Structures are given as structure tokens and as C-alpha cells.
Amino acid sequence: TDPSGDGCTHEDGEDPCAVTDAEGAYKITGIKPGTFDVKEVHQTDWFCSFPNAGTETAPVYSTACFYNETFTSGSEKDGNDFANWTYASKSGKKYEDLDADGSIEGDPPLKDWTIFVDYDKDGIFDDPDDDGCNGSTGEEPCDVTDVDGEYTILKILPGTHTVREVLKDTYYCSYPNPGTPDPVTGVVKSTDCSYTEDFRSRVEETGNDFGNWDPVKKTGMKVSDVDYSDSYTPADQPLSGWTFFIDYDDDGELDSFEPSGVTGADGKFTITGIVPGTWKVREVQESGWICVFPGTTDAYGCYFEHTFRSGIDITEGNIFGNRATEGCTPGFWQGGTAGGQAGGQWLWNEGPTPTDPEWIASGGDDPPGNPYIHTTDFCGFFGGCSTGFDMWYYVNPDMWPNSSDDFNKAARSLVAAYLNASWGVAYSFTTSGLQNMWDDAVDGGEGLTFAELHKMLDDANNAPAGCPINASGY
């Protein structure tokens, strides 16, 4: 009882009392004879464990935190001791291990990570409401790292407990307890991402720092260097189906442990799961093609080299350009002379239907397959003109002396180019790309001219050998 509410001051009407000193000792005087309880005034977040300890297992709560004494005149009672405990706390910092080397020295902080005390040692943050770390009932003690990566966990029960982090998707823990570096990449993963602490009442534990790293991605693009510029230009056409990879062991080959990506219809690729380190980005080379940019090359071909760091994607640049090393001239597709298909009948057997099995197998039948050039009207197929000549006319060398104008030159090169692209030899252009280029030339304006189209395709058609049959060229 404290009428004025100002604590133990021995005023009238106040129960006899005393305040413990620096040694924890107290002495209450002025007690009238009689039988009374000797109690303590409870303080927030302190729990009585003596007298009358309830269990033998920590943390202990008293079942009756008082002494019942019979006081007589002039007597002095002693030995009425009390014991209490309060919560402990834990603080530390969370870092991003940029180099994945198992060291956090000099690395930046990571915010919004949950650190918790794993009372039941099951490795899982107990959160009955599944609403994150917010101090709700039944939740294990926790805190979320701030913008400086710092955390402080309050209200930890005394005892030996494990401090852990809630691991985020794609991340790896590398500190504490860094393991042996990976023999190929050198990255480090923790063998036990936790601390075991002996928490004691009112003790503030510090220094439990964590380090993590996150694999990253790399994007790029693959094009055909159609204008032979040896550098990327808007004229270059995307190449699909090419594989790119991170060459961890720098042997020029795609290994099972190396991340890779494949180009889509737009020529773009994305490689995910790249661990921190300095690595070369390479292409899986395909026969019949040579890489002409980038200019950085080694014994295994062209490459880009980057230093990848945790959480930092590299999405700029990295355009690879290739040029086909094969292409068949108009003379080849006409059939050649004695060294080729007799009578020039290879692709245009007489009759309404082509019979050459190789050509049919590659799609060389009536549209929507590849064109049968002996009966397919050039202008009807490509559009934009009305000459009345079939495709064969333009690859027939008998008319070449009369094809000095740019339209006929472009048409001749276009037919051969279309056949190259249709057949499937390594070639700088696709059939759809060729159609777009022809449309551009027909439209005029600021696009390709017929002369420019002829030059571009003629260069591709006269690339080194590799045609599907041997035939004398023209």
C-alpha cells in the first residue's frame, strides 16, 4: 500500500518496505507483530524464480514469490531472499558477401532480413500467424535488419539457444562458418549458418553477424553480321537457337556445372544462376559460322569477360555477331555443268512436281514449303514486281549478260540467297529476313536500294565452300 504512489518513502499509511541497494540487500523496519507476507513489487519484464521455484528446467518461474512470516515484538527475521530474471538480447549485422568468398569485411549491408532465436532448434522460424516478424503471440524472438543491416532481438529467454536467419530464395549463406571454396568457382557456402549462444538474464549479446550472396543473371544478343561491318548495326539480323554459357573453368566447352541460355526468335539470351567471380561469356560454336564481334578472342573463340558480384545483374551490351562461312552462288543453284547435276535438273526436275529427294526432305515442295524454282513465279512469290519470270530464270547463267540493271542483279542474288537459307546451310540470313529486305528495296525511300541488296547478298553467296553438293560455279 502506497497512498501517495511515490514508492517506498515510509510515509504514513504505507506498508513497511525497503529498496535493495547496490549489493541487492534490503532491510525492512517498523514491522508490527503479527503474521504477514513478505513480497516484492513486480517490475515489468522481470520474473520471480525464487523462492518456491516451480520447475528444475530453465527458465524457472516461482509458484509463490513471497515468504509468510510471524513477527514478534523485538524480533529480527533474515534469509528472506528473492531471485528474479529478465530477458536477454542479441544484436548483430547482416552483410552481402559480394565476392562469395566467405568474408564480410568491407561488404555492404543487407536490409529486410529476419534473424531469429530458434528455441526448438528445428531450423524454421516459428510464426503461427505467418505474418512475418512482428512480435505476435507464439512467435520466436526475432528482428528485421534495417537499412544498415543491423538487428537487435529483444526478450530472449535465458538458456542455450541457436540464432539463425530466414534464408531468402536464391541466396546462399557464406558466413558464419565459411566452408571450403568450390574447387572450380572458388565460391564459399557456410557449413552451419547459425550461432549457439548461452543467454543469461539481462546480458546483451553482440557480434552475431551474417553474410550471404545471391547468384545473378547475364543478358545479351546474337546476330548475323549481314552487312559485313564486323560490328553491330541495325541491319544485322537476330539468330535464334544459339547457346551461350559462363565458362567457369575457361576450357571453351559448356560443362554440366556451367549456367547457360539459348537465344530466342529475337536473338536475345538470358543466363541465370551465375555465381560471383570473373568469368568469360562464350557461345557454343556452330559449324559453318565464324564470330566477327566482339573482338576479344582466345584459343576458344570470341568472348566477353565480366566480374560478377552478388545481386548485381549485368544486362547491358554483350552482342555477339557471326557470319556464315558457307553460301552457294547462283551458278551452284542453277545446277552447274559436268561437275554438278546433269542438265541443271537438280532442283527443278521437269514436270509439275519436284522429285529430288534431298530437296523435298528439306522442305523443297510447293508452298508453304520451299519454292520449286522452275515453276515458281519470282514476283508472285516475293512481291513488288510483275516481270512474269520464274525463279529459275534469275539463276540461269544464260540471262546474266543481260542483267546489268540493279533489279536483275538483286533478283539473281535473292533467289540464290533464299535457296541457301531454305536448304539450311550455315548462312547469314533467314528466309523471313530476306523477304523483309526485298520489301525494303522495293519500297525505295531511305531503305535498301537494289544495288545495296545485291552487294550484301552477293557477298554472302560467295563466302567460302560448303555447299551441299559439288558443282561448278559461274
Side-chain angles (χ1 to χ4, degrees), residues 1-91 115-122 125-129 133-143 152-163 195-206 208:
T1 302
D2 178 16
S4 62
D6 57 356
C8 180
T9 59
H10 306 290
E11 65 181 345
D12 290 342
E14 189 178 85
D15 285 332
C17 62
V19 178
T20 56
D21 62 18
E23 303 298 325
Y26 72 92
K27 184 174 182 179
I28 303 174
T29 60
I31 305 173
K32 297 177 181 180
T35 301
F36 308 112
D37 290 338
V38 180
K39 298 183 176 183
E40 65 181 15
V41 176
H42 175 72
Q43 295 188 19
T44 302
D45 288 339
W46 283 89
F47 303 91
C48 180
S49 57
F50 186 85
N52 304 310
T55 63
E56 296 181 356
T57 304
V60 170
Y61 299 87
S62 169
T63 57
C65 190
F66 64 89
Y67 293 89
N68 185 262
E69 296 282 7
T70 298
F71 296 93
T72 60
S73 176
S75 65
E76 293 188 4
K77 298 286 186 180
D78 59 10
N80 280 188
D81 299 332
F82 292 81
N84 293 66
W85 58 265
T86 188
Y87 297 113
S89 67
K90 181 71 210 152
S91 63
I115 314 296
F116 69 102
V117 179
D118 189 11
Y119 281 155
D120 54 8
K121 296 180 173 56
D122 64 353
F125 173 48
D126 292 340
D127 178 18
D129 297 332
C133 176
N134 60 11
S136 59
T137 302
E139 190 178 85
E140 290 176 320
C142 61
D143 194 27
T152 298
I153 305 174
L154 305 174
K155 295 191 174 183
I156 303 173
L157 295 173
T160 301
H161 308 303
T162 301
V163 181
Y195 293 90
T196 298
E197 296 283 3
D198 185 11
F199 292 96
R200 308 191 73 183
S201 175
R202 202 167 51 168
V203 175
E204 298 178 357
E205 297 285 351
T206 62
N208 280 188

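In what follows, residues are counted from 1 in the order of the sequence shown. Being a predicted model, the structure only gives us computed values, none of them experimental.
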Lys155, NZ: over 12 other non-hydrogen atoms inside 6.0 angstrom: no
Could you tell me whether the side chain of Ser201 and the main chain of Thr86 form a donor-acceptor pair under 3.5 Å? yes
Kindly give the heavy-atom pair with the smallest separation between Pro33 and Ser73, and that separation in Å. CG-N, 3.9 Å
Evaluate the side-chain proximity of Asp37 to Glu69: yes if any heavy-atom separation is below 4.5 Å, no if none is. no
Taking every heavy atom of Ile156 against every heavy atom of Ile153, the minimum-distance pair comes out as CD1-O, 3.7 Å
Quick one: does Ser62's side chain have a donor or acceptor within less than 3.5 Å of a partner on Ala53's backbone? no
Would you compute the distance between atom SG of Cys48 and atom NZ of Lys39 and round it to the nearest 0.5 angstrom? 11.5 Å
Any idea which heavy atoms bring His10 and Cys17 closest together, and the distance? CE1-O, 3.0 Å
Trp85 and Tyr61: ring-ring contact (aromatic ring centres under 6.0 Å, His included), yes or no, with the steps? CA-CA 9 Å; Trp85 58 265; Tyr61 299 87; 5.3 Å; yes
Intermediate values then yes/no, side-chain contact (heavy atoms from CB on, under 4.5 Å), Val38 and Lys77: CA-CA 11 Å; Val38 180; Lys77 298 286 186 180; over 6 Å; no
Keeping the roles fixed (side chain from Lys90, backbone from Val163), state whether a donor-acceptor pair exists under 3.5 Å. no
Side-chain donor-acceptor contact under 3.5 Å, Thr70 with Thr35: yes
Could you report the tightest heavy-atom contact between Asp6 and Ser4, atom names first, then the distance? OD1-OG, 2.5 Å
Kindly say whether Asp126 contributes a backbone atom to a donor-acceptor pair with the side chain of Glu139 at under 3.5 angstrom? no
Between Tyr87 and Phe47 (judged by ring centroids, cut-off 6.0 Å), do the two rings come close enough to count as a pair? yes
Considering residues, nucleotides and ligands other than Glu204, do more than 12 of their heavy atoms fall under 6.0 Å from its CD? no
Examine distances only and state if a side-chain atom of Glu140 and a backbone atom of Asp127 form a donor-acceptor pair shorter than 3.5 Å. no
Looking only at heavy atoms, the pair that brings Gly30 and Pro16 closest together is O-CG, 3.9 Å
Apply side-chain contact (heavy atoms from CB on, under 4.5 Å) to the pair Tyr26 and Asp81, showing each step before the final yes or no. CA-CA 9 Å; Tyr26 72 92; Asp81 299 332; 5.5 Å; no
Beyond-backbone contact of Pro51 with Phe66, side-chain heavy atoms, under 4.5 angstrom: no
Between atom CD of Glu76 and atom OG1 of Thr29, what is the distance when rounded to the nearest 0.5 Å? 10.5 Å
One should read off an interatomic distance between Ile31 CD1 and Thr72 OG1, to the nearest 0.5 angstrom, of 11.0 Å
Indicate whether any N or O donor in one side chain lies under 3.5 Å from an N or O acceptor in the other, for Glu205 and Ser91. no
Evaluate the criterion side-chain contact (heavy atoms from CB on, under 4.5 Å) for residue pair His161 and Asp118; output intermediate values, then yes/no. CA-CA 6 Å; His161 308 303; Asp118 189 11; over 6 Å; no
Looking only at side-chain N and O atoms, does Gln43 offer a donor or acceptor that is under 3.5 Å from a partner on Asn84? no
For the CG atom of Asp12 and the CD atom of Glu14, what is their distance to the nearest 0.5 Å? 9.5 Å
Is the distance between the ring centroids of Trp46 and Phe82 under 6.0 Å? no
Taking it one step at a time, do Phe71 and Lys32 satisfy side-chain contact (heavy atoms from CB on, under 4.5 Å)? CA-CA 7 Å; Phe71 296 93; Lys32 297 177 181 180; over 6 Å; no
Nearest-0.5 Å distance that lies between atom CZ in Phe199 and atom OG1 in Thr160: 9.0 Å
In Å, rounded to the nearest 0.5 Å, how long is the span from SG of Cys133 to CD1 of Ile115? 9.5 Å
Asp2 side chain vs Gly7 backbone, donor-acceptor pair below 3.5 Å: yes
When you measure from the side chain of Asn52 to the backbone N and O of Ala64, does any donor-acceptor pair fall under 3.5 Å? yes
